[in-house]
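Data block below; observations after.
Whatever order the structure lists ligands and atoms in, that order sets their numbers, starting from 1.
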Amino acid sequence: MKLPPFEYACPTSVAEAVALIAAHDGEAKPLAGGQSLVPMLAFRVAAPTLIVDLRKLGELKDIRIAADGVTLGAMVRWRDILDDKGLRAAHPLLVEAVGHVAHYQIRNRGTVGGSLAHADPAAELPGIAVTCEAEIAATGKAGARTIKAADFFTGALTTALEPDEIITAIRLPPWPAGRRHGFVEFARRRGDFALAGAALFYDADAGGAARNAHVGVIGVADRPLRLAAVEAALNGNVIDEATIAKAGAAASAAVDPPDDIHASGAYRRALVGTLVERALTSAAGR
Ligand SMILES: Cc1cc2nc3c(=O)[nH]c(=O)nc-3n(C[C@H](O)[C@H](O)[C@H](O)COP(=O)(O)OP(=O)(O)OC[C@H]3O[C@@H](n4cnc5c(N)ncnc54)[C@H](O)[C@@H]3O)c2cc1C
């Protein structure tokens, strides 16, 4: 289908982009990689009067690795993350998860900010953001603010962003040496959105027991979830077969996915338990 008609602007600063969007009273949309927005336009799910192309905002393309964590500008693409030599050590969970995003062509265009704003419940980066307690930076006509990932995703394809705000960056807290992690998802075809996925990490104390466990899942609710019951099953315990089995059972018990055209809720509930077990097995074996 052809796209609906719209005006087009290509600003060269965040301030200019925000001013353009704010002047259109909720009728303007930012364009990043276009991998979700263009299909939405084609299917008339979105029909903005103005498209504000963010591609000239060089200030949103930086990857910064520092003592306070990893900061990814909103216009950083999946390909940039996978190609960055420092990120694999600075945030191995992020890089592993992004390796599962879509297909080669889509990874060359899709961006961090586009994925966070689109807020697909099965998308990898929102899952990593919630699991890792990331902060999302946004700028609108009222100025800049930071939103905790736990408060950012408010439902399927819905976020806490105001209509005049654009995402400028995401910051992931520092990743200490020796941290264990796992990311596992299941999709029917490689590159498709996952039916479900599990992202997790923990630190190990001197006796080998897990502490500071963080466990997140995607594809089983209207937004990415952190599973406190699974984290409780891990903290203080050595990650052996018995603990892994308990964590898997706790994960299945903690979610209540709806039936949809791709899978029944019961299937996804069982799947998420298996994925948490596999992610833990991978983490413990590293
Ligand atoms: C076949 C296919 C398979 C895919 N599989 C996966 C997958 O497995 N996992 C996955 O995570 N994704 C997948 N995607 C989505 C892909 O990763 C998209 O690139 C991503 O969701 C959107 O990023 P984008 O840069 O293309 O954003 P766009 O399509 O340009 O924008 C998406 C939305 O975000 C808004 N937006 C963009 N940038 C900003 C910003 N900085 N601030 C505020 N709002 C903004 C736009 O207005 C729009 O509403 C798939 C896409 C396709 C077509």
Can you list the ligand 1 atoms lying under 4.0 Å from a non-hydrogen atom of [X]?
| X | result |
| --- | --- |
| Ile166 | 42 (N), 43 (C) |
| Ala102 | 3 (C), 4 (C), 5 (N), 6 (C), 7 (C), 8 (O), 50 (C) |
| Ala32 | 25 (O), 27 (O), 30 (O), 37 (C), 38 (N) |

Would you mind checking which non-hydrogen protein atom is closest to [atom], with the distance to 0.1 Å?
| atom | answer |
| --- | --- |
| atom 53 (C) of ligand 1 | Gln35 O, 3.5 Å |
| atom 49 (O) of ligand 1 | Lys29 NZ, 3.3 Å |
| atom 21 (O) of ligand 1 | Ser36 OG, 3.0 Å |
| atom 46 (C) of ligand 1 | Pro30 O, 3.0 Å |
| atom 25 (O) of ligand 1 | Thr111 OG1, 2.6 Å |
| atom 29 (O) of ligand 1 | Leu37 N, 2.6 Å |
| atom 13 (C) of ligand 1 | Phe193 CZ, 3.1 Å |
| atom 17 (O) of ligand 1 | Trp78 NE1, 3.1 Å |

Next on the checklist: With no hydrogens and no angle check, just 3.5 Å: does a side-chain donor-acceptor pair link Tyr202 and Asn212?
Outcome noted: no
Next on the checklist: Please tell me whether Glu231 and His214 have a donor and an acceptor in their side chains that are separated by less than 3.5 angstrom.
Outcome noted: no
Checklist entry - When you look for heavy atoms under 4.0 Å from ligand 1, do you find them on the side chain of Ala74, its backbone, both, or neither? => result side chain
Electrostatic pair [X]:[Y] at N-O distance under 4.0 angstrom:
| X | Y | answer |
| --- | --- | --- |
| Arg64 | Asp62 | no |
| Arg211 | Asp205 | no |
| Lys141 | Glu162 | no |
| Glu135 | Arg171 | yes |
| Arg77 | Asp80 | yes |
| Glu96 | Arg88 | no |

Are any of the N or O atoms of [X] closer than 3.5 Å to those of ligand 1?
| X | answer |
| --- | --- |
| Ala123 | no |
| Glu124 | yes |
| Leu54 | no |
| His103 | no |
| Gly33 | yes |
| Ile167 | yes |
| Leu31 | no |

Item to check | Residues clustering with Leu50 (ILVMFWY side chains joined when closer than 4.5 Å, directly or via others) | outcome: Val14, Val18, Leu20, Ile21, Val52, Leu54, Leu57, Leu60, Met75, Ile166
Next on the checklist: As a quick check of understanding, evaluate side chain to side chain contact (heavy atoms under 4.5 Å, CB included) for Val76 and Thr111, giving each step before the final call.
Outcome noted: CA-CA 5 Å; Val76 168; Thr111 66; over 6 Å; no
Evaluating non-hydrogen atoms only, which member of [options] is closest to [atom]?
| atom | options | value |
| --- | --- | --- |
| atom 2 (C) of ligand 1 | Val18, Ile106, Ile218 | Ile106 |
| atom 39 (C) of ligand 1 | Gly219, Gly113, Ala28 | Gly113 |
| atom 37 (C) of ligand 1 | Gly110, Gly73, Gly114 | Gly114 |
| atom 35 (C) of ligand 1 | Gly34, Ser115, Ala117, Gly191 | Ala117 |

Item to check | Taking every non-hydrogen atom, the tightest pair across Leu172 and Ala134 | outcome: CD2-CB, 3.7 Å
Next on the checklist: Show, in sequence, the C-alpha distance, side-chain angles and deciding distance for Phe152 and Leu161, and conclude whether the side chain to side chain contact (heavy atoms under 4.5 Å, CB included) test is met.
Outcome noted: CA-CA 7 Å; Phe152 184 81; Leu161 279 181; 3.7 Å; yes
Next on the checklist: Show me the pairs that pass salt bridge (Lys or Arg N to Asp or Glu O under 4.0 Å) and involve residues 249-270, at least two apart or across chains.
Outcome noted: Asp256-Arg269, Asp260-Arg268
Item to check | Qualifying residue for side chain to side chain donor-acceptor pair (under 3.5 Å) with Asn108, from Arg79, Gln35, His103 | outcome: Arg79
Check contact between [X] and ligand 1, using heavy atoms of the residue and a distance below 4.0 angstrom.
| X | result |
| --- | --- |
| Asp192 | yes |
| Val101 | yes |
| Pro39 | no |

Next on the checklist: What's the separation between atom CZ in Phe186 and atom CG in Leu195, rounded to the nearest 0.5 Å?
Outcome noted: 6.0 Å
